Amino acid sequence: MTDNTQDSGRNPDHRDDADPFEVNAAGEAAAPTGSAETVPAPDPAVPVQVQPEQAHSEQAQPEPAQPEQAQPHQTQAALGYATDAFGRPLPEEGTAPNYYAPNAAPQAYATADGLATHTPGSGQVKDPAKRRASIALIAALAVGALVGGASGAGVTAFVLTNQDNGIPVNRAQGPSNVLVNNTDSVNQITAVAAKASPSVVTIEAASGNSGGTGSGVVLTEDGYVLTNTHVVTLDGAAAEATLQVKGNDGRLYAATIVGTDPISDLAVVKLTDAKGLTPITFADSGKLNVGDTAIAIGAPLGLSGTVTDGIVSALNRSISIASSAAPTTPDSTTPDDQSPFFFDLPNKDGSKSQQGASNSGSISLSVIQTDAAINPGNSGGALLNAKGELIGINVAIANAGGSSASAAGNIGVGFSIPSNLAKRVSDELIANGKATHGLLGASVTSAAGDPKSVTVGALISEVSSGGAAEKAGLKKGDVITNFNGVPITDANDLTAQVRVLAAGGKADLTYVRDGKSITVSVTVGQLAG
């Protein structure tokens, strides 16, 4: 039996289509004799005696379709050819039966996406939807192999083709809705996915010959969506990329950029003519514990609605990533050339883009680390807690190799921007089109690199005149060890934590000078955007 459900004529099991037949003593179907004499039906008042050798065949007889047909209690000679269960002659070997109307044209299957047509009776039919899904999955995996170095949780390439056949990779997507076949055995992950999936969308960006796919989360019913800056700007390569957003229900929307914030790698877009969407529910990321359940939903490799789970592996993890969209900042930290953290952006043809070009800046992010599987295309998607609430926006993954070219995908070390920072930045972007970030007004390096240092931390190498650090009494040579309750182990930690604050935000800062630990209150300045 195939999955084909098209109606090509009358049901072959319909009784009006059946020819009369008998079952002989050997249990074989036999057509009635061609006698023209009509045998009258027996009188119900007169019992009919059944011979022993006819008992089995009598029980197997169907109800006569016409009164004029021979009655089953009368023995008739079997025909000299084989018949099927309906009394029809079996075809000769090597031929196919055709019991359809002789003048009816066979109904062809859909030929969309270059699938071959099929004629009824020509063999087993595979479900076209299943075939498309398998082709799409193979295509997506092939793109992963081509991209190779796409080690960030960012943008998977569009693969467009001039051929008429085949399925583009940007359609390599599974079901968007969460499928529950057995409601008696659902678990926590199923419940979270069912709750939050309507709030996760797939975003496709294109500009000239460049393109990519990422994810996003719905903020409002009327279509404000939060994602990553590197998704909507193609990692800084396009200021005005063309955006198309696919909702969980399969609806497609055009979208425009409301505002981007390269410092936090967050952006807000607005869907055109959207209404009735399901906004995500924000959790307090400040209350997370290491070991908490973490569930990621997004479109890795273009596969929309993909759900993975793990735990919160670490909190307040600081990473520094080269970004073409990031401006140069006075107290930023230059990333190591061998930095294992990326949100690399593949080109439209699947080749790897050149990351860390001479005009690229860097951003320092304080992130949630998780072992939930995150791959290119998950960027901008949701990281959720056990209640289905947003705890982070997926942004990057680590690379086990020495360069982005060797990163093929998830290795169990992924990163998400905490929901508290995502909420503040998205609110500011919607209200003002831009977001603010704190500025300490000091250049710092890692204290571990100074032979005179006796503690880890961020070593101040220069203090800006009139800046927040100078106003708080900090001097060159001080080692900052704690900022707003978060331990500081190097310069990257400090930069990331300062950027979490909005302009004018206050924090308690602890530093070491001459072997003494001192805590002061500092009001950060505003980072120039």
Side-chain angles (χ1 to χ4, degrees), residues 149-155 214 228-231 235-236 261-266 285 288 290 294 296 310 312-327 329 331-345 355-356 360-376 378-381 383 391-404 406-407 409-422 425 437-438 444-446 448 456-458 483 486-501 527:
S151 56
V155 187
N228 291 137
T229 292
H230 75 261
V231 170
D235 196 16
D261 181 45
I263 298 301
S264 64
D265 196 34
L266 292 171
S285 57
L288 288 174
V290 171
V312 173
S313 304
L315 295 168
N316 301 315
R317 180 75 74 198
S318 298
I319 61 175
S320 183
I321 308 177
S323 171
S324 299
T329 58
D331 54 358
S332 64
T333 302
T334 302
D336 188 340
D337 290 339
Q338 298 299 318
S339 173
F341 313 120
F342 298 92
F343 43 74
D344 190 24
L345 179 65
Q355 189 180 21
S360 296
S362 66
I363 58 175
S364 295
L365 297 174
S366 176
V367 293
I368 300 166
Q369 181 179 319
T370 180
D371 67 347
I374 297 175
N375 286 283
N378 271 116
S379 278
L383 189 70
I391 60 175
I393 297 294
N394 298 322
V395 64
I397 59 177
N399 173 18
S403 67
S404 62
S406 62
N410 170 65
I411 60 171
V413 184
F415 306 104
S416 298
I417 300 167
S419 58
N420 288 357
L421 175 58
V425 170
H437 294 277
V444 293
T445 60
S446 294
V456 297
F483 188 88
V486 177
I488 302 300
T489 62
D490 57 21
N492 194 45
D493 279 347
L494 178 62
T495 302
Q497 292 302 321
V498 171
R499 298 293 185 263
V500 168
L501 296 180
L527 180 68

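Residues take their numbers from the sequence shown, with the count starting at 1. The model shown is predicted, which means the values in this text are computed figures rather than measured ones.
- Closest non-hydrogen pair, Val456 versus Thr489, comes out as CB-O, 3.9 Å.
- The shortest heavy-atom contact between Asp371 and Ser313 is N-OG, 3.3 Å.
- Within the 4.5 Å cutoff, the side chain of Val290 has no heavy atoms near those of the Gln369 side chain.
- Rounding to the nearest 0.5 Å gives a distance of 8.0 Å between OG of Ser285 and CG of Leu421.
- Considering only heavy atoms from C-beta on, His437 comes within 4.5 Å of Asp261 through its side chain.
- A distance of 8.0 Å separates CD1 in Ile363 from OG1 in Thr229, rounded to the nearest 0.5 Å.
- Annotation: side chain of Asn394 is in contact with side chain of Ser416 (closest heavy-atom distance under 4.5 Å).
- Using a 4.5 Å heavy-atom cutoff, the side chains of Gln497 and Asn316 are in contact.
- Considering CG of Asn492 and OG of Ser446, their distance stands at 8.0 Å, rounded to 0.5 Å.
- For the atom pair CZ (Phe415) and CG (Leu365), the distance works out to 10.5 Å, reported to the nearest 0.5 Å.
- Without hydrogens or angle criteria, Asp265 side chain to His230 main chain gives a donor-acceptor distance under 3.5 Å.
- Side-chain contact between Phe483 and Leu501 is present, with at least one heavy-atom pair separated by less than 4.5 Å.
- Inter-residue side-chain proximity for Asn228 and Leu266 is flagged as met; some heavy-atom pair is nearer than 4.5 Å.
- Ile391 contributes atom CD1, which lies 5.0 Å from atom CD1 of Ile368 (distance to the nearest 0.5 angstrom).
- Between Pro418 and Val367, the shortest heavy-atom contact is CD-CA, 4.1 Å.
- When all heavy atoms of Ala422 and Ile393 are compared, the pair lying nearest together is CB-CG1, 4.0 Å.
- The two residues Gly214 and Val231 make their nearest non-hydrogen contact at CA-CG1, 4.0 Å.
- Interatomic distance, Ser320 OG to Asp493 CG, rounded to the nearest 0.5 Å: 11.0 Å.
- Between Val500 and Ser366, the shortest heavy-atom contact is CG2-CB, 4.1 Å.
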